[in-house]
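Numbered from 1 within each chain, the chains take letters A, B, ... in sequence-line order. From a predicted model like this one, the values you see are computed outputs, not experimental measurements.
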2 protein chains.
Amino acid sequence: MENNIKIPKTRNGRATFNLIVDTTIDLFYKKGYFKTKIKDITDSAGIAAGTFYLYFPNKLSLYKYILMQFQHDIRRTIAESVSNVKGRFEKEKEGIKTFIQYSLDNPHAYNIIWESLYIDKKLFIDYYDGFAKRYERGLNPSIKDGEMHDVDTELVSYILMGVANFIGLKVLLDLGKNNDDIDEVVEQVMSIIKTGIFKD
Amino acid sequence: MENNIKIPKTRNGRATFNLIVDTTIDLFYKKGYFKTKIKDITDSAGIAAGTFYLYFPNKLSLYKYILMQFQHDIRRTIAESVSNVKGRFEKEKEGIKTFIQYSLDNPHAYNIIWESLYIDKKLFIDYYDGFAKRYERGLNPSIKDGEMHDVDTELVSYILMGVANFIGLKVLLDLGKNNDDIDEVVEQVMSIIKTGIFKD
DNA sequence: TCATATTATGAATTACTATTCATGTTTAAA
DNA sequence: TTTAAACATGAATAGTAATTCATAATATGA
């Protein structure tokens, strides 16, 4: 299938391109990938149906583009936050916290990324497997140093993703309610990850 | 939209009904809800296209039926396993373990249930909110008794679902690899939930 | 064995959506 | 101010899939 995006060459073109992307993110979030029709996108963006095909050969290529944007964005966000912290282990904790915080701040992203499982399993696997491996690399030294329990790092990687997942879930369900105590939620989650649920 | 399922009245009718359901579960799991066409279902089941509409008015009603089946199944499974255990707190742990084990044993269910988020958000919310509340009821007394850290039980509920979620994810990605050490995985996960990841 | 309800068929119809393309407008550089 | 490239339009076309329905087979039980 055709997959190539046409990068616009003028200021106007770029504006239309970005309008399509932003509008689509909103629709994918609200209605999901499959229920979002090209017509919905062009109508919401206020452009003609044909204009869509000036930049994207089909819906899937646009989805992939959006997925990559999120991937870059979240990695950049984590890298930035971590760069301000001293100490390898502290960096690791900060990374986890930022990851969770990101899920909290960007339910759009969380929701759209997760749907890749139903759009193209390969996209999903690439996305999350990459993430898991990245965490594993960071966690292993912390165990060697005795800063962490001797847990299976692959499992922990997936647990962290599960936790971010649940956060996205919770934010989703809480939409409309009071969401002012975000820092508090992140703190609680970190504390649970740290010390566990049960006393021994 | 029409929503009523026609319950078959004869042995043959029931067989066809069940064939449709089982075939569909398999297809929803492999291809997802939206990519599964009615024609795919009837072809896979080896029945005529019209036969589908003898029992289900549309795909969504069938999906809802399947979702309910899973819901009942998992609740029954947990209730059963818990009934063999003495002590309220031990029961609670057994419930969590069974829940996780269930996700591990039934990636079909996990995958199909989760897709409800993209099919009809209301279905998703009802499903998981119900689960969260159920956990909360069980967890609160354990905190009062000092058997658990004083954590936000709503948060813990969602974490548990996130963890079950990640387990489903991991099983999904590992499909084809060696999955003999299932008990081992459940044990590890329980240990992490119990004592946390970091040492203090 | 007859009459009726139930189940099954699959071609035809209907509904919907993606995609194309002939035509027109805008932009920017020469 | 010309003109070629870029951008935009939306009606027309093409393709896919859901759903109906006239017809037929099968099962039940009186």
Can a cation-pi geometry be assigned to B/Lys121 and A/Tyr29, taking NZ or CZ under 6.0 Å from the six-membered ring centre and within 45° of the ring axis? yes
Taking atom types as modelled and ignoring hydrogens, do the side chains of A/Asp105 and A/Gln101 form a donor-acceptor contact shorter than 3.5 angstrom? yes
Interatomic distance where OH belongs to A/Tyr55 and C1' belongs to D/dT9 [whole Å]: 13 Å
Just by distance, no angles: are the side chains of B/Ser61 and B/Asn58 close enough, under 3.5 Å, to form a donor-acceptor pair? yes
Upstream residue (5' side of DNA chain D) when B/Pro57 and A/Ala48 are each assigned their closest nucleotide: A/Ala48
Any B/Asn12 side-chain nitrogen or oxygen under 4.0 Å from OP1 or OP2 of D/dA27: yes
Checking D/dT9, C/dT7, D/dA6 against the side chain of B/Lys9 (C-beta onward), the nearest is C/dT7
Step through the shown structure and confirm whether more than 12 heavy atoms of other residues, nucleotides or ligands are within 6.0 Å of NZ on B/Lys31. yes
When you check the phosphate oxygens OP1 and OP2 of D/dC21, does a side-chain N or O of B/Tyr53 lie under 4.0 Å from one of them? no
Euclidean distance, atom CG of residue A/Leu54 to atom P of C/dT20 [Å, nearest integer]: 12 Å
Selection from C/dT26, C/dG10, C/dT7 that lies nearest to any side-chain heavy atom of B/Lys6: C/dT7
Minimum-distance nucleotide (side-chain atoms of A/Lys37 versus C/dT7, D/dA8, C/dT17): C/dT17
In whole Å, I'd like the distance from the CZ atom of A/Arg14 to the P atom of C/dT26. 20 Å
Side chain of B/Thr16: nearest nucleotide among D/dA8, C/dT20, C/dA8? C/dA8
What pairs meet the salt bridge (Lys or Arg N to Asp or Glu O under 4.0 Å) rule with one or both residues in residues 57-78 of chain A, with sequence neighbours excluded? A/Asp73-A/Arg76, A/Arg76-A/Glu80
In whole angstrom, give the distance that lies between atom CG of A/Asp43 and atom P of C/dT17. 12 Å
I need the CZ-C1' distance between B/Phe34 and C/dC16, as an integer number of Å. 15 Å
Using a 4.0 Å heavy-atom cut-off, does B/Gly50 contact any base of the nucleic acid, only the sugar-phosphate backbone, or nothing at all? base
Using whole Å, what does the distance between atom P of nucleotide C/dT6 and atom CD1 of B/Ile7 come to? 14 Å
Pairwise 5' ranking along DNA chain C for B/Ile47 and A/Lys39, keeping only the more 5' one: B/Ile47
Looking at C/dT6, I'd like to know if its phosphate oxygens (OP1 or OP2) sit under 4.0 Å from a side-chain N or O belonging to B/Thr10. no
Whole Å only: how far is the CD1 atom of A/Ile38 from the C1' atom of C/dT20? 14 Å
Could you tell me how far apart B/Asn58 (CG) and C/dT14 (P) are, to the nearest whole angstrom? 20 Å
